[in-house]
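Take a look at the structure below.
To find a chain, count down the sequence lines: A is the first, B the second, and so on, and within it residues start at 1.
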There are 2 protein chains.
Amino acid sequence: MKLSTKGRYAVTAMLDLALHAGKGPITLAEVSGRQHISLSYLEQLFSRLRKANLVDSIRGPGGGYELKRPATQISIAEVVLAVNEPITATRCNGKGDCQGGDVCLSHQLWSELSDQIYQFLSGITLDHVIQRDFVQQVAERQNVRFREEDVIAFG
Amino acid sequence: MKLSTKGRYAVTAMLDLALHAGKGPITLAEVSGRQHISLSYLEQLFSRLRKANLVDSIRGPGGGYELKRPATQISIAEVVLAVNEPITATRCNGKGDCQGGDVCLSHQLWSELSDQIYQFLSGITLDHVIQRDFVQQVAERQNVRFREEDVIAFG
DNA sequence: GTAAAGTTGACTAAATTACTCGGGTATGAG
DNA sequence: CTCATACCCGAGTAATTTAGTCAACTTTAC
């Protein structure tokens, strides 16, 4: 699972669509104006989002984009995956030059951890985010004891 | 929260230290050999990890690095944060050129989501990962209903 | 003293990100 | 019909990050 500003742009744009759903197609020009993302860059991102079946495009005047599925059925994980090339998990990827045991173990461990992150982001939908009670929902699901000391500046 | 190959390298290296804890300092040369990460790159990463108080360094012959705290008390989030510059959350970061409401809302939503991801990774320690029952633990914590369809190729 | 290790900083190649430009193509409004 | 509006697409590119090299230096065990 890769998380960078690119994924953030994509999620932000999808949230914009979700926030303005039901009012007909949204043009990228509108999204660009509202979210301060360059139009051409949005075009690239939406090309991926369309190929991933996350949005429908309507061409011509009055056209634009809209969510292909309800916001309740699009996860953050899907959006991030759509725009990011996956991280290649290992260097010795199936080449079998992984002697020594330790190496492959570390790779395996990372892979399992990566699975968990993916599962986590799969459980959060665009709707969860715009409803914003997702904070409580996720906290409940996790039974997380919130440790203040852990919360330092991060992006 | 930023997740990239850089974070993966750092976590992998820390897992290597955790796996070989209790046998005295580990040299970066060993880690480099086992995990196939260049020595010089490891030096850069460990410079950050040391400044973040995640590892202790022992100089001179017989020296190396070891975890500053037990693996049960170092979270994945800490390791990732130590080596990554945080994603700047907004473009209009406090500059107040965020008129229109929608803009700031999207930024706010992303910020809250980012919080959740951070919280999630704060709940997973190096020890969880090397014990590998973290998969079950996390699943229990989340009460996640595992949807097969969601699990497609990712990195 | 000397060799083993960490420490630091400057430098660089490759990859990714973020963006521009210049054309297309479909289509609804007039 | 036609034309403006919007998506579509590919080439190119500057900035940034990633990943790594290199060289000099410090500390310390032997």
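One interatomic measurement links the two molecules: CZ of A/Arg8 to C1' of D/dT17, which rounds to 16 Å at whole-angstrom precision. The nearest whole Å value for the distance from the CD1 atom in B/Ile37 to the C1' atom in D/dT18 is 13 Å. Here the P atom of nucleotide D/dA19 and the CG atom of B/Leu45 are 9 Å apart, to the nearest Å. Remark: P of D/dA19 and CD of B/Gln35 are 15 Å apart, rounded to the nearest angstrom. Put simply, CG on B/Leu42 is 13 Å from P on C/dT7, counting in whole angstrom units. Distance CG (B/Leu49) to P (C/dT8): 13 Å, rounded to an integer number of Å. Rounded to an integer number of Å, the gap from A/Glu66 CD to D/dA6 C1' is 14 Å. With rounding to whole Å, A/Arg48 atom CZ is found 15 Å from D/dC8 atom P.
Applying the side-chain hydrogen bond (donor to acceptor under 3.5 Å, both in side chains) rule to A/Ser47 yields the partners A/Lys51; only residues at least two apart in sequence or on another chain are considered. Scored by the side-chain hydrogen bond (donor to acceptor under 3.5 Å, both in side chains) test, A/Ser32 finds no partners at all (sequence neighbours excluded). Legend: residues meeting side-chain contact (heavy atoms from CB on, under 4.5 Å) with A/Gln44, ordered by chain and number and at least two apart, are A/Tyr41. A/Lys23 pairs by the side-chain hydrogen bond (donor to acceptor under 3.5 Å, both in side chains) definition with nothing, not counting sequence neighbours. Residues forming a salt bridge (Lys or Arg N to Asp or Glu O under 4.0 Å) with B/Arg69 (at least two apart in sequence, or on another chain): B/Glu78. Legend: residues meeting salt bridge (Lys or Arg N to Asp or Glu O under 4.0 Å) with B/Arg48, ordered by chain and number and at least two apart, are B/Glu85. When the side-chain contact (heavy atoms from CB on, under 4.5 Å) test is applied to A/Ile58, the partners found at least two apart in sequence or on another chain are A/Pro25, A/Glu66.
Contacts of A/Tyr65 with the nucleic acid, taken as non-hydrogen atoms under 4.0 Å apart, involve only primed sugar atoms and P, OP1 or OP2. In this structure, B/Ser40 reaches the bases: a heavy-atom distance under 4.0 Å links it to at least one base atom across the strands shown. Counting any heavy atom pair closer than 4.0 Å across all strands shown, B/Leu28 reaches sugar-phosphate atoms only and no base atom.
A donor-acceptor pair is defined here as one N or O able to donate and one able to accept, closer than 3.5 Å; no such pair exists between the side chain of A/Ser114 and the backbone of A/Trp110. A donor-acceptor pair under 3.5 Å links the side-chain atoms of A/Thr125 to the main chain of A/His128, judged by distance alone.
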Protein-nucleotides 23-30 of chain D N/O pairs closer than 3.5 Å?
{"residue": "D/dT26", "atom": "O2", "partner": "B/Arg59", "partner atom": "NH2", "Å": "2.8"}

Protein-nucleotides 13-17 of chain C N/O pairs closer than 3.5 Å?
{"residue": "C/dT17", "atom": "OP1", "partner": "A/Lys2", "partner atom": "NZ", "Å": "3.3"}
{"residue": "C/dT17", "atom": "O3'", "partner": "A/Thr5", "partner atom": "OG1", "Å": "3.3"}

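Between A/Arg50 and D/dC8 there is a side-chain N or O to OP1 or OP2 distance below 4.0 Å. B/Ser38 has a side-chain polar atom (N or O) that falls below the 4.0 Å cut-off from OP1 or OP2 of D/dT21.
Residues A/Gln44 and A/Ile58 both approach DNA chain C. Their nearest nucleotides, taken by heavy-atom distance, put A/Gln44 toward the 5′ side.
Closest approach of A/Lys6 to A/Val83, counting heavy atoms only: CE-O, 3.5 Å.
In this structure, the nucleotide among D/dT21, C/dA5, D/dA6 sitting nearest to the side chain of B/Thr27 is C/dA5.
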